[in-house]
2 protein chains.
Amino acid sequence: METDKRIVNAMAELLRVQGYAATGIQQLARAAKAPTGSIYHHFRGGKREVAAAALRQTGAVYIQVLPMLLDEHADLATGVEAAFAAAAEDIENTGWANMCPVGTVTGEIADTEPELREVAAEVLTSWVEEGTRYLAGRGLSGTDARALTYALISALEGAFILARGQRSTEPLLAAGRAMAAYTATLPAGASPSSGEKVGPSGADFGEGVGGF
Amino acid sequence: METDKRIVNAMAELLRVQGYAATGIQQLARAAKAPTGSIYHHFRGGKREVAAAALRQTGAVYIQVLPMLLDEHADLATGVEAAFAAAAEDIENTGWANMCPVGTVTGEIADTEPELREVAAEVLTSWVEEGTRYLAGRGLSGTDARALTYALISALEGAFILARGQRSTEPLLAAGRAMAAYTATLPAGASPSSGEKVGPSGADFGEGVGGF
DNA sequence: GTCTATATTTGGATAGAC
DNA sequence: GTCTATCCAAATATAGAC
C-alpha cells in the first residue's frame, strides 16, 4: 500500500483506540511503518491534518452501516432493535474495543481544536443526511426521518461509551429497545421492499478498518 | 480552599474541556495555583489519581441532576423532553462547552487506562442505580426503570457529543423527543407528588463546578 | 506541608543527505 | 520521495531546601 494510505489507516486505528491527544507522531510512524519525515512530507499540516484525513475516511465508511443493517428487516422498529443488538454483539466480541473514532475524537477536541471539530461536524452532517434520506425512503416524513436519525446516532454513540466503560451490552440493548419503541410510534414505517432498495448496496469496508 | 480540593476542581474543569491525555501536570498546577510538587504530595499516584478523584467528585454531583429536572413535571414523558430541552439551552448558552467530563474521558481512556476505566464504570453504575431508584419511585417497574435509565444516559451523552461537534441543539432536541415517546409507551408513569418525593432534594452544585 | 529546581523522557516538527 | 538525525519545547515525576 502507498505510504500516505498506510499513515491514514494507522491514524484511524490509533484514534479509535486512544484518541487524538494520546496519539504521537512517532507512534504513528511506527504503526504505519514509515519514518517520521514521511508523515510531514505527505501531510504538511502534521498530526492535525492526518487526523482530519482519518476522520473523513472513517466517516465515509461508516455512513453505509446503519442503512445496511436496517435493510435486513421489513419492519423498521424491528430493524432498529436488531441493529443495536448487532452492535452490542460486535463490541463484546472485540473485547469492548471502540467501534469508531468519530464520537470519541469529537468529544475530546470539540473545545480545543477548531479545525478538527469542523471536520467532525462535516462527517456527522453527512451521516445525518444519508440517514434521513434512507428513512424517508422507508416511508417516514422528512422531519420524522431527520429527528429519528439524530436520535439513533446520539443513542448509539452514547451507548457505545457506556458499554465500553462498563464492559456491558446492557446500555446498547436498552438504547435499542427505546429507539425501537420510538420508531414504532412514528407513522408509515414502510417495508424496505416496497419499491426498490434505498440503502447503498454492496458495502465494502476496505481492509484496514477494524470493528463491525 | 485547601490545596487538594483546588487540585481536584481544576482537574475536573480541565477534563471537561480538553480530556485526560491533553491535560498536563504543569497546566493543572497553574490552574490550581499550586506548585507541581504539591500535586504529588497530595496524590502519590500523580495525574491518574487526580483524574480518578475528579471523576468521582463530578459523578457525585451529577447524580442529582436528572431526578431534579424530572421532578418538576407531573408527567414523566413531559419531564424527559423538558430535561433534554434544558440541556440543549444550557449547552448553547455556555458556548457549546462540555457539560460533564465523565462521558468524554470514558471514551478516551476505556481501552488504555484500566484503573480510570474502573472509576468511570463505578460512576456510571451509581448513576444507573440512582436513576432506576428514582424512576421506580415514579411508578415504573424495576426492569422498565433500569432500561429507561440506561437509555436516557446513553441518549444524553451521545447527543452532547453531536451537539458540541455540530454546534447545534438539534441532536439534543431530537433525542429528547425520542426518549419522551419511549417513556410514554411504558406503563404506570406516575406523578411525582403521589406519595412523597423520591428524588434527592436541595441539590447543591458546589462552587467550582461549571455547566448546568 | 509548601514550593523550587531539575532529572529524564518524550512530544511535534524540521533540515538535509540520499 | 525516503529516511536519518536532530532541534527545541513540554511532558511526568522526583529530590530536597525551607
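In what follows, every chain begins at residue 1, and chains take the letters A, B, ... in the order their sequences are listed. No experiment lies behind these values; they were computed from the predicted model shown.
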Whole Å only: how far is the [atom1] atom of [X] from the [atom2] atom of [N]?
X: Ile7(B); N: dA13(D); atom1: CD1; atom2: P; result: 14 Å
X: Lys47(B); N: dA10(D); atom1: NZ; atom2: P; result: 16 Å
X: Ile39(A); N: dA5(D); atom1: CD1; atom2: P; result: 17 Å
X: His42(A); N: dA13(C); atom1: NE2; atom2: P; result: 16 Å
X: Glu49(A); N: dA13(C); atom1: CD; atom2: C1'; result: 14 Å
X: Lys33(B); N: dT2(C); atom1: NZ; atom2: P; result: 17 Å
X: Gln27(B); N: dA10(D); atom1: CD; atom2: P; result: 12 Å
X: Phe43(B); N: dT12(D); atom1: CZ; atom2: C1'; result: 16 Å

Student check: side-chain heavy atoms of Asn9(A) and Gln57(A) closer than 4.5 Å: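 Yes, close enough: below the 4.5 Å cut-off.
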His41(B) side-chain N/O to dT14(D) phosphate OP1/OP2 under 4.0 Å: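 It does not, given that no N or O in the side chain of His41(B) lies less than 4.0 Å from OP1 or OP2 of dT14(D).
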Minimum-distance nucleotide (side-chain atoms of [X] versus [options]):
X: Gln26(B); options: dT2(C), dG12(C), dT12(D); answer: dT12(D)
X: Tyr40(B); options: dT4(C), dT12(D), dT14(C); answer: dT12(D)
X: Thr36(B); options: dA13(D), dG12(C), dT2(D); answer: dA13(D)
X: Ser38(B); options: dC3(D), dT2(C), dT12(D); answer: dT2(C)
X: Thr3(A); options: dG11(C), dT2(D), dT12(D); answer: dT2(D)

Salt-bridge test for Arg167(B) and Glu92(B): reply yes if a basic N is under 4.0 Å from a carboxylate O, no otherwise.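 Salt bridge flag = no for Glu92(B) with Arg167(B).
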Presence of salt bridge, Arg16(B) and Glu13(B), under 4.0 angstrom: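 Yes, charged N to carboxylate O under 4.0 Å.
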Describe the nucleic acid contact of Gly37(B) in one word from base, sugar-phosphate, nothing, applying a heavy-atom distance below 4.0 Å.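 Base contact.
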Is a side-chain donor-acceptor pair under 3.5 Å present for Gln166(A) with Thr125(B)?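 Side-chain D/A pair, Thr125(B) to Gln166(A): present.
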Side chains of Gln27(B) and Gln18(B): any donor to acceptor distance under 3.5 Å?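 Note: Gln18(B) and Gln27(B) side chains meet the donor-acceptor criterion.
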